[in-house]
Chemist: 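I have a structure I would like to understand better, so I am pasting it below and will then ask my questions one at a time.
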There are 2 protein chains.
Amino acid sequence: MSRPTRYDRDAALDAAMLVFWEKGFHATSLKDLETALDMKPGSIYGAFSSKENLYLLALDRYFKRSVARFRAHMADTPSPLTGLAEHLRGFARMTQDNTSRQVCMLTRTLIDTTATNPEIAARTKQYLADVRHAFAEGFEHAKAMGELPSHTDCAVLARRFQGSVSALRFELHLGTDQADMTSLAEELARDIEALRIRAT
Amino acid sequence: MSRPTRYDRDAALDAAMLVFWEKGFHATSLKDLETALDMKPGSIYGAFSSKENLYLLALDRYFKRSVARFRAHMADTPSPLTGLAEHLRGFARMTQDNTSRQVCMLTRTLIDTTATNPEIAARTKQYLADVRHAFAEGFEHAKAMGELPSHTDCAVLARRFQGSVSALRFELHLGTDQADMTSLAEELARDIEALRIRAT
DNA sequence: ATATTTGTTGAGCGAACGCTCATTAACTGC
DNA sequence: GCAGTTAATGAGCGTTCGCTCAACAAATAT
């Protein structure tokens, strides 16, 4: 019974994520969303309740996808420490891909909404903490495999790592060229690898 | 001749800088500015032409003040390398000061305006490059004083240094507590000091 | 005093904002 | 076919947006 939906919810959320990621919460208008989702205002509200709620759904998508990608990458790398270093080098390879030439959406959101949308900001802080936790797990894994000294504070390393990721994404956003991106990523990656215990 | 202005242009620009810095370009409304500057719309437009122009004036102020502060700090530090390290440690001491618990306004602006206000974004990119140049000068000075190897690439160090500053400011924005701020700043500062040539 | 100049005022402009809802369309069950 | 159910539509709601301008106020010059 009943009429089937014309739109593909998954595709619509993907599209919403991209516009929001690119323009931010405040600069994205309902008109922008109507165009991107190819849906009329009534349908958007029927499906997603409000602009803010749609934003939260898009953000959740971004978060889950980022963490999943990171975990998948770590899962097929024999050395966790190398995996972490490679994750940083990966950003230098995004130079061509224009859709990814952007700041981290979580970073962006926190900046956009701290002063104006406490609910979104609070959720974002949680996501950022979760991402940091995933990074910390990577370092813990490295420690368990004997790549790091047993006294290593993985939480501290994770915070620094997150800083490196932010810095790289910001450089992408800035438009920094391939060569500079590569050398910056390489330096940050080497810092990670330098933590490895050398068999003396 | 003629009627004198009721407002203090300098104070008004300071106030504008603070609101814009806190809320960003898009989330700051004329109402917000009327309140912050204690001026009526007509006066604001008489004095500053447009919201965008006022933003550019506020941004310019932020930029000049930041660079001046950095240069002044470096000028009264005998060792440039220590000065750079101390600059990073300084951010951990901002934990109390709520007005400064924010991302760098240049970072914020670039993110806010890249997709929507090309003119502001272009100006911001220039400012960010100028700041990086000021950092590079600090490293050059350190090199000239024999604190760094003569083959050191100061431009690369400056880019990393700017990344560290961004990371610290972002942690402030996030609300990271005093202890974590101090340890993060300390680590980043030590990385700078570790570059120093050791008298062997 | 008066003329001139310039700053201040705030009601209100047109446009855009996020959002709603009566109406219409497309399906299923009988 | 028709009744029942749910999705899609888009004109248009009330509000707020950035901004203007005719009227007024406060100074100087003569």
Side-chain angles (χ1 to χ4, degrees), chain A residues 1-59 109 112-113 115-121 123, chain B residues 1-59 109 112-113 115-121 123:
Chain A
M1 68 173 102
S2 94
R3 181 178 177 178
T5 63
R6 187 181 63 77
Y7 61 88
D8 174 350
R9 185 161 235 265
D10 228 53
L13 281 172
D14 261 352
M17 190 187 87
L18 287 177
V19 215
F20 277 138
W21 189 5
E22 198 197 327
K23 308 186 70 164
F25 182 72
H26 293 106
T28 302
S29 69
L30 252 289
K31 278 254 134 53
D32 293 330
L33 291 169
E34 287 168 40
T35 307
L37 311 202
D38 187 24
M39 286 170 78
K40 301 288 178 283
S43 305
I44 294 178
Y45 279 80
F48 307 114
S49 305
S50 68
K51 182 189 171 186
E52 177 158 335
N53 191 58
L54 178 54
Y55 193 91
L56 287 170
L57 291 170
L59 190 67
T109 304
D112 276 348
T113 62
T116 52
N117 305 72
E119 260 183 60
I120 301 185
R123 185 93 69 106
Chain B
M1 67 171 106
S2 93
R3 184 176 174 176
T5 63
R6 187 181 64 77
Y7 62 88
D8 173 351
R9 186 162 233 266
D10 228 52
L13 281 172
D14 261 351
M17 190 188 86
L18 287 177
V19 215
F20 277 138
W21 189 6
E22 199 197 327
K23 309 188 68 165
F25 182 72
H26 294 106
T28 303
S29 69
L30 252 289
K31 274 253 130 59
D32 293 329
L33 291 169
E34 287 168 38
T35 307
L37 310 202
D38 187 25
M39 287 169 76
K40 301 288 177 281
S43 304
I44 295 178
Y45 278 80
F48 307 114
S49 305
S50 70
K51 184 189 171 187
E52 176 157 336
N53 191 60
L54 177 54
Y55 192 91
L56 286 171
L57 291 171
L59 190 67
T109 304
D112 277 348
T113 61
T116 51
N117 305 72
E119 259 183 61
I120 301 185
R123 184 94 68 110

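In what follows, every chain begins at residue 1, and chains take the letters A, B, ... in the order their sequences are listed.
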Chemist: Regarding Ser43(A), tell me which of base, sugar-phosphate or nothing describes its non-hydrogen contacts under 4.0 Å with the strands shown.
Modeler: base
Chemist: Would you mind reading off the distance between Lys31(B) atom NZ and dG10(C) atom P, rounded to a whole angstrom?
Modeler: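 Rounded to the whole Å, the gap is 12 Å.
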Chemist: Can a donor-acceptor pair be found between the side chains of Asp32(B) and Ser29(B) at a distance below 3.5 Å?
Modeler: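 Their side chains do contain a donor-acceptor pair, which is all the 3.5 Å distance test asks for.
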Chemist: If you look at every heavy atom in Ala16(B) and Leu37(B), which pair is closest and at what distance?
Modeler: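 Where Ala16(B) meets Leu37(B) most closely, the heavy atoms are N-CD2, 3.5 Å.
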Chemist: What contact category does Gly46(A) fall into here, base, sugar-phosphate, or nothing, at under 4.0 angstrom with non-hydrogen atoms?
Modeler: nothing
Chemist: Considering heavy-atom distances to DNA chain C, does Arg6(B) or Pro41(B) have its closest nucleotide positioned more toward the 5' end?
Modeler: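 Result of the comparison: Arg6(B).
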Chemist: Taking all non-hydrogen atoms of both residues into account, name the closest pair between Leu13(A) and Phe48(A) and its distance.
Modeler: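 Reported closest heavy-atom pair: CD2-CE2, 3.9 Å.
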Chemist: Roughly how far apart are Leu54(A) CG and Tyr45(A) OH, rounded to 0.5 Å?
Modeler: 8.5 Å
Chemist: Measure from CZ on Arg3(B) to P on dA26(D) and round the result to the nearest Å.
Modeler: 6 Å
Chemist: Could you check how far OH of Tyr45(A) sits from C1' of dG10(D), rounded to whole Å?
Modeler: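 My rounded result for the distance is 14 Å.
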Chemist: Hey, does the side chain of Ser29(A) come within less than 4.0 Å of dC17(C)'s phosphate (OP1/OP2), counting only N and O?
Modeler: yes
Chemist: Please tell me which of Lys51(B) and Gly42(B) maps to the more 5' nucleotide of DNA chain D, matching each residue to the nucleotide holding its nearest heavy atom.
Modeler: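 Nearer the 5' end of the strand: Lys51(B).
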Chemist: Of all the choices, dC19(C), dC27(C), dT8(C), which nucleotide is nearest to the side chain of Pro4(A) once you look at every atom?
Modeler: dC27(C)
Chemist: Rounding to a whole Å, what distance do you find between Lys40(A):NZ and dA8(D):P?
Modeler: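 Those two atoms, NZ and P, are 11 Å apart.
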Chemist: What's the NZ-P distance between Lys23(B) and dG18(D), to the nearest Å?
Modeler: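 Atom-to-atom, Lys23(B) to dG18(D), this comes out as 11 Å.
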Chemist: Rounded to whole Å, how long is the line connecting atom CG of Leu54(A) with atom C1' of dC19(C)?
Modeler: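 So the two atoms are 13 Å apart, to the nearest Å.
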Chemist: Which part of the nucleic acid, if any, lies within contact of Ser49(B), taking any heavy atom under 4.0 Å across all strands shown: a base, the sugar-phosphate backbone alone, or nothing?
Modeler: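 It contacts nothing in the nucleic acid.
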Chemist: Leu30(B) has an atom CG; how far is it from atom P of dC13(C), in whole Å?
Modeler: 17 Å
Chemist: side-chain hydrogen bond (donor to acceptor under 3.5 Å, both in side chains) with Tyr55(B): which of Thr109(B), Thr113(B), Thr28(B)?
Modeler: Thr109(B)
Chemist: Calculate the interatomic distance between Leu37(B) atom CG and dT9(C) atom P; express it in whole Å.
Modeler: 12 Å
